[in-house]
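Predicted model, so just to flag it, every value in this text is computed and none were measured.
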Amino acid sequence: MATSNDIVTATKGQEEQNVLISEKELFDQCGPVHLTAIDWENVAHQRSVAASLVQGVYILERDKQEKRKGSQALAPPWWRHFQFELYRVLVDDVDSCIFGAIYKFAPSKSYFDGSKDKSQRFVIAFRGTLTKGDAFSRDIQLDVHILRNGLHQTSRCETAIQAVRHVVATFGSSSIWLTGHSLGAAMAMLAGKTMAKTGVFLDAFLFNPPFLSAPIERIKDKKVKHGIRFATSVITAGLAFAAKHKNVNNQSGDTFVALSAWTPCLYVNPSDPICAEYIGYFKHRENMDTMGAGVIEKVATQHSLGGLVLSFMGKECDEPLHLIPSANLIVNLTPPSDFKEAHGIHQWWKPDLLVESKKHQFT
């Protein structure tokens with residue numbers, strides 16, 4: 001028979017366990033439970049499923065950290081709700097943390113909603129930076145690599161790209177999604193670019209992808225903002241022409257056109273400085289065309305000003321991550337309460353989300 005001390009100890013232990021569980025980890029409380037049937041051609045459904053599967057990767061690592069197994073694991077509902085199963089976890093060889101997952105669509109026998117044939121067979125998802133637990137220090141190191149434009153040189157990125165190649169080689173490129181959030185979006189971007197260079201164009205859903213440049217989009221004065229962008233384009237285009245004339249090695253423009261057929265979906269919040277520059281990046285192209293300066297911008301958009309400067313100095317410069325020819329840009333117009341909400345993954349499956357979408361195709 002349990003004593004009062006046993007009961008107090010058990011109660012205290014349960015309270016401690018509850019503290020370790022964030023409400024945002026619970027699918028039934030914070031997930032898109034309103035999606036009881038998926039229309040695979042509905043863009044809102046696609047966005048919600050992709051974001052949920054990314055959240056599943058976050059919770060996989062949290063389950064691992066907190067030793068939650070079996071019925072205590074919180075991650076499975078984030079994919080099972082959409083008839084997916086966990087095909088494989090992706091583990092970083094440096095700290096053994098889970099940073100990605102491959103999901104396989106495995107509907108029950110009773111599942112059929114008329115759109116089954118259009119569903120995704122595999123989804124490869126990558127999480128972003130975790131601010132808690134053992135994965136934090138490694139994630140921060142990779143964030144620094146993004147700032148230095150060196151993410152592609154890391155072993156985690158190698159593992160991610162190898163996983164994508166394996167799925168494509170084994171099951172074909174049709175009905176495969178790439179998705180990721182923040183740091184994970186950067187990894188999915190690199191994997192998608194790598195495959196696109198070989199002629200394989202995968203559907204990609206990239207949430208809050210990092211854009212590495214000065215935060216021009218946060219300037220309130222439109223004339224000042226446009227003036228800075230215009231001057232930057234003119235200088236960049238001029239250096240690009242000079243580099244070509246002098247045969248200065250610069251990789252940015254070499255692969256840009258080859259990537260133009262790949263149109264990933266970029267999910268951006270204008271209040272998130274990490275990804276907001278994509279809004280100005282694509283809007284500026286339209287403005288330059290309207291001004292009759294489209295030729296200048298067509299050259300400038302293929303290059304990084306910093307990369308060109310380094311090339312003239314005789315230093316090697318890798319292709320900047322954010323340089324992308326085409327994209328479906330989806331902007332969240334719902335005002336966030338703070339930066340955490342603006343950068344978070346949870347915003348992207350809200351049923352009342354107000355978004356603006358536009359396809360930008362480089363030609």
Undergrad: Hey, can you tell me if Tyr87 and His166 have their rings parallel, tilted or perpendicular (30° and 60° cut-offs)?
TA: parallel
Undergrad: For Leu178 versus Ala188, what's the shortest heavy-atom pair and its separation?
TA: CD1-O, 3.7 Å
Undergrad: Quick check: does any side chain N or O of Tyr281 sit under 3.5 Å from a backbone N or O of Ile324, one acting as donor and the other as acceptor?
TA: yes
Undergrad: In this structure, are over 12 heavy atoms from other groups packed under 6.0 Å from Asp134 atom CG?
TA: no
Undergrad: List the steps and the verdict of ring pair (Phe, Tyr, Trp, His ring centres under 6.0 Å) for His343 and His181.
TA: CA-CA 9 Å; His343 187 65; His181 173 244; 5.1 Å; yes
Undergrad: When you measure from the side chain of Ser326 to the backbone N and O of Ala261, does any donor-acceptor pair fall under 3.5 Å?
TA: no
Undergrad: Would a 4.5 Å heavy-atom cut-off, applied to side chains only, mark Val164 and Leu202 as touching?
TA: yes
Undergrad: Please round to the nearest 0.5 Å and tell me the distance separating atom CD1 of Ile161 and atom NZ of Lys193.
TA: 11.5 Å
Undergrad: So do Gln55 and His346 actually touch side chain to side chain, heavy atoms under 4.5 Å?
TA: yes
Undergrad: Where do Gln347 and Ala342 come nearest, in terms of heavy atoms and distance?
TA: NE2-O, 2.7 Å
Undergrad: Examine Met195 and Phe171 and state if one hydrophobic cluster contains both, with Ile, Leu, Val, Met, Phe, Trp and Tyr joined whenever side-chain heavy atoms are less than 4.5 Å apart.
TA: yes
Undergrad: Do Leu183 and Leu151 have side chains that get closer than 4.5 Å, going by heavy atoms?
TA: yes
Undergrad: Can you name the ring pair (Phe, Tyr, Trp, His ring centres under 6.0 Å) partners of Phe136, sequence neighbours left out?
TA: none
Undergrad: Any luck finding a side-chain donor-acceptor pair between Arg165 and Gln162 under 3.5 Å?
TA: no
Undergrad: Does the Glu85 side chain pair with the main chain of Lys104, one donor and one acceptor, at a distance under 3.5 Å?
TA: no
Undergrad: So does Glu356 have more than 12 non-hydrogen atoms from other groups sitting under 6.0 Å from CD?
TA: no
Undergrad: Under the side-chain contact (heavy atoms from CB on, under 4.5 Å) criterion, do Ile274 and Asn208 qualify, and how do the steps go?
TA: CA-CA 7 Å; Ile274 292 174; Asn208 302 81; 5.8 Å; no
Undergrad: Given 3.5 Å as the limit, does a donor-acceptor pair link the side chain of Tyr58 with the main chain of Gly128, or not?
TA: yes
Undergrad: Heavy atoms, side chains only, cut-off 4.5 Å: are Gln153 and His145 in contact?
TA: no
Undergrad: Taking ring pair (Phe, Tyr, Trp, His ring centres under 6.0 Å) as the criterion, tell me which of Phe205, Phe27, Trp78 meets it with Trp349.
TA: Trp78
Undergrad: My understanding is that only residues two or more places apart in sequence, or in another chain, count here; which of them pass side chain to side chain donor-acceptor pair (under 3.5 Å) with Lys24?
TA: none
Undergrad: Between Ser173 and Val200, what is the shortest heavy-atom contact and its length?
TA: CB-CG1, 3.6 Å
Undergrad: Quick one: do Val331 and Phe339 end up in the same hydrophobic cluster if we chain Ile, Leu, Val, Met, Phe, Trp and Tyr together by side-chain heavy atoms under 4.5 Å apart?
TA: no
Undergrad: Could you state the interatomic distance from NZ (Lys350) to CG (Asn332), rounded to the nearest 0.5 Å?
TA: 8.0 Å
Undergrad: What pair of heavy atoms forms the shortest contact from Pro76 to Asp63, and how long is it?
TA: CD-OD2, 4.4 Å
Undergrad: Does the side-chain contact (heavy atoms from CB on, under 4.5 Å) test come out yes or no for Gln72 and Lys67, once each step is laid out?
TA: CA-CA 9 Å; Gln72 292 185 329; Lys67 298 180 173 58; over 6 Å; no
Undergrad: Measure the NZ-CZ distance between Lys359 and Phe282 for me, rounded to the nearest 0.5 Å.
TA: 12.0 Å
Undergrad: Look up atom CD1 in Ile146 and atom CG in Leu190, then write down how far apart they are to the nearest 0.5 Å.
TA: 8.5 Å
Undergrad: So which atom in Ile38 and which in Phe82 form the shortest heavy-atom distance, rounded to 0.1 Å?
TA: CD1-CD2, 3.7 Å
Undergrad: Check whether Phe211 and Val144 end up in the same hydrophobic cluster, where Ile, Leu, Val, Met, Phe, Trp and Tyr are linked by side-chain heavy atoms less than 4.5 Å apart.
TA: no
Undergrad: Measuring only between side-chain heavy atoms, which start at C-beta, is Thr159 closer than 4.5 Å to Phe99?
TA: yes
Undergrad: Please tell me if the side chains of Phe105 and Gln83 come closer than 4.5 Å, counting only heavy atoms from C-beta onward.
TA: yes
Undergrad: Which heavy atom of Trp177 sits nearest to which heavy atom of Val49, and what is that distance?
TA: CZ3-CG1, 4.3 Å
Undergrad: Looking at CH2 of Trp79 and CG of Leu60, how far apart are the two atoms once the value is rounded to the nearest 0.5 Å?
TA: 4.0 Å
Undergrad: Do His45 and Pro32 make a side-chain contact, defined as non-hydrogen atoms from C-beta onward lying under 4.5 Å apart?
TA: no
Undergrad: Show your working on side-chain contact (heavy atoms from CB on, under 4.5 Å) between Phe126 and Val57 and close with a plain yes or no.
TA: CA-CA 7 Å; Phe126 306 103; Val57 182; over 6 Å; no
Undergrad: Do Trp348 and Leu26 belong together in a cluster built from hydrophobic side chains that touch within less than 4.5 Å?
TA: yes
Undergrad: Tell me whether Leu333 shares a hydrophobic cluster with Val268, the cluster being built from Ile, Leu, Val, Met, Phe, Trp, Tyr side chains joined at under 4.5 Å.
TA: yes
Undergrad: Taking atom CD as the centre, does Gln29 end up with more than 12 heavy-atom neighbours from other residues, nucleotides or ligands that are less than 6.0 angstrom away?
TA: yes
Undergrad: Nearest 0.5 Å, what's the SG-CZ distance between Cys265 and Arg47?
TA: 10.5 Å
Undergrad: State, yes or no, whether a side-chain contact exists between His360 and Leu329 at a heavy-atom distance under 4.5 Å.
TA: yes
Undergrad: Listed by chain and number, what are the side chain to side chain donor-acceptor pair (under 3.5 Å) partners of Tyr278, not counting sequence neighbours?
TA: none
Undergrad: Give the C-alpha distance, both sets of side-chain angles, the deciding distance and a yes or no for side-chain contact (heavy atoms from CB on, under 4.5 Å) between Arg62 and Lys132.
TA: CA-CA 9 Å; Arg62 289 291 295 146; Lys132 298 178 181 178; 4.1 Å; yes
